[in-house]
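Heads up: the structure comes next, in structure tokens.
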Amino acid sequence: MIRFINFLNLFKINLIRNFLKEILLGFGVIFATVILITGIALGDGIEKLFKESMFNQFPVDEVKINGKVTGSGLGPNTLNIGPITLSSDKKVYNIHQKLIEQITKWPEVKAIKPISKAIFPVTLLLSMKLPVGNRRIVIEPPVVGIPNSLAQDYLKKYHKLISPSYETDFPEGFKKSNEVLPILIPTFTGGIITNFLKTNNLPVVDIMSAQELLEIKVIMNYSAYIPTDRQTNDQKPISFTAKIVGYMDTRLSAGIAIPQKDLEDVKHLVLPLEQAKGYESIIIKLKSPDLMKSFMAKLLPYIQKYHLTVEENSLFKRLSHFVEQGIQSYRTLVQNFSGIVLFTTGIAIFYAFLYLFFRRESEMGLYRFFGATRLEVIMILVLESLVIAVLCAFIGYFISYILIVHYIPENLDQIIGQLLPREYRAFLIHTDPEDIFKFQVMRNLSYASIGVVFCVAAAFIPALIGSLRPIQRNG
Amino acid sequence: MVELQNISKRFVFHKENLTVLDNINFKIQANDFISIMGKSGSGKTTLLNIISGLCKPSSGTVLFNNSKPKGFFDNYASRFRSDSMGFVFQHFNLIPYHTVLENVVVPLKFSSLPPKHHKRLGLDILNQLDIHDKHHHYPHMLSGGQMQRVAIARALIKSPKLILADEPTGNLDDHTASEIIDLFVKLNEENHVALLLSTHDRRIIDRSKDTYSIENKCLKKVDTGDPVYQFSKSL
């Protein structure tokens, strides 16, 4: 027993004195562990994400609606089915009409907000230009109407945000007309809708967290058609261009676009069904967030019923095919890359530890001279490498945990956005990212232990040699 | 104390059998002071390793305290080595990241002596060898002579009956070597420690009680009073 305590004393001194040197090598273990765990989790998660995304057309069992769902267009009690009609294809349009007809009969529905067909090219343009900015929703035609009588006041008041030179940018005819001006505010409508709901005494959950996610530098030109007064059904459009320069965040923009006191003026955009005809996208407002689930359950059969037509003709087929390919190749890439990095790092760690411990082979021989048994000699190095490796593997494990549980879900849209070509950098994620990126404790522990095995093996070889041949190094 | 009976040692090198030691019979007793001469590669170190039990002979028997090792050779030899032997090396072989005191007490880490005594014992030995003021230094801060003193202190820490030294003065200048030889003589005369030194150093050979030489794989006793030896010494 006392001999064992003495042995531990020696082990402690060796560990403390060599700690700095060995922990530097341990960074390799940390790196390899993080690469392996996150790489595989990311690969798995991305594939799962794809399977549960909009391209699978709302599979009934997997749709999850909870009170936290916020963001642009998908407010607490707002469902945007705009993306279904992103294509201007006739068949898609027909489906949409059928859906509208059904949906409006349902008691949950408070109103339907139509979105002008004319806006779609612009929306697509915007979605191309913008990075994926919101956690769950990106694509939708975000539009809000401002009566033209107020528009100029807004523009004067907030012109720095909307257009530094609105006087020259906006055509003369626009200023004089008495039309509704749809201002495209990409991804900002969530805030507006929330304001709208609050004014109407509808329950709203806090969307601040979603808004805070979006702080983007917007430097772009955009153009929009301005439909003439919908009441007169005059379709003659006026076009204009405007610049948004500077930093904008959703809270600011949403607040500015529709101040609460003026919300009355927005109401006229909520049109009865007959007036919604001719528009390709709608925003359906539900009477309360609790109705979302039952509403979805009702909606799904219809979506499924028309699924084929949508698939055949819409952008989704192309998008989903493309994204599926992209995501699968991304998964392969991530996982192969993780494998390659792990392999090379593993070899490097092994070699580095081997080198470090071979330098101490003579020390191992020395211990033999002073009465250490072979087992004790081997244990000195093996335990030392074990402590370092376990410590580093744990650090790697912890970093991976932070990445998988916090960082990746919160930045998922950016990560995915980077993977897609510019023109497709937008899609809808219905599932909560936190549910997709599961941190699998036991599996990841087994991955983390790979680095430990490398280190222990690297220590075992010189220790064994040192214990077997003390002569060569000490003669 | 240690007895070698008909010891032979062969190595396989490039598929060839090399005999290093052949039929060696040799005995070390208490209070001996034996030096072993031999050319480089003649097998001096191998012989020391066999005596210390670190290397198993190809044939023959090693007796520790007149008894054959029981059970596993390695662990028996290890215990015997730990209890009865001290080692001094040509290159000192101090552990670079241990302080002088920690180096000196390393052999105690493989013993059953309670840890609270280690420091006191280490300082006592360092005091005897007159380097106690360096106990918190690291080996790279010491001179060659000081390092060898530390190595000797380490060899003495468990009060061994036998010290094996492999060319202990091989890396030291003349003056320091003389000091170290004096130290060995003193240990032999005053502490009654048996010494077995492999060396080329004539001064050690002159002061040792018996001298052996390894020639043609065999161990032969050298008569230092022999006129031939005296003549070769004068060359």
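Chain identifiers are assigned alphabetically (A, B, ...) following the order of the sequence lines, protein sequences preceding nucleic acid strands; residue numbering begins at 1 within each chain. Bear in mind the structure is a predicted one, so any value in this text is a computation, not a measurement.
To the nearest 0.5 Å, atoms CD (B/Glu102) and CD1 (A/Ile13) are separated by 4.0 Å.
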Evaluation steps, side-chain contact (heavy atoms from CB on, under 4.5 Å), between B/Phe89 and A/Leu366: CA-CA 10 Å; B/Phe89 309 92; A/Leu366 199 66; 3.5 Å; yes
Evaluate the criterion side-chain contact (heavy atoms from CB on, under 4.5 Å) for residue pair B/Met85 and A/Phe370; output intermediate values, then yes/no. CA-CA 8 Å; B/Met85 291 186 192; A/Phe370 296 128; over 6 Å; no
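Residue with the most contacts toward chain B among A/Ile5, A/Asn18, A/Leu8, A/Asn9: A/Asn18 (heavy-atom pairs, distance under 4.5 Å). For the set B/Arg154, B/Lys158, B/Glu167, the entry with the most heavy-atom pairs within less than 4.5 Å of chain A is B/Arg154.
For A/Ile380, the part lying near chain B is the side chain, with the backbone staying farther off; criterion is any non-hydrogen pair under 4.5 Å. Interface remark: A/Leu10 contributes backbone and side-chain atoms alike to the contact with chain B (heavy atom separation under 4.5 Å). Heavy-atom distances place both the backbone and the side chain of A/Tyr367 under 4.5 Å from chain B. Of the atoms belonging to B/His118, it is side-chain heavy atoms, and not backbone ones, that fall under 4.5 Å from chain A. With a threshold of 4.5 angstrom between heavy atoms, A/Asn14 approaches chain B through its backbone and through its side chain.
Open room surrounds CZ on A/Arg359; 12 or fewer heavy atoms of other groups in view lie less than 6.0 Å from it. When the shell of 6.0 Å around OH of A/Tyr401 is examined, it contains 12 or fewer heavy atoms from other residues, nucleotides or ligands. Around NZ of B/Lys161, the count of heavy atoms belonging to other residues, nucleotides or ligands within 6.0 Å does not exceed 12. In the displayed structure, B/Asn216 atom CG is contacted under 6.0 Å by at most 12 heavy atoms of other residues, nucleotides or ligands.
Along residues 104-115 of chain B, the residues that come nearer than 4.5 angstrom to chain A, judged on non-hydrogen atoms, are B/Val106, B/Pro107, B/Leu108, B/Lys109, B/Phe110, B/Ser111, B/Ser112, B/Leu113, B/Pro114, B/Pro115 in order of number.
Side-chain atoms of B/Tyr97 and A/Glu363, non-hydrogen and from C-beta on, do get closer than 4.5 Å to each other.
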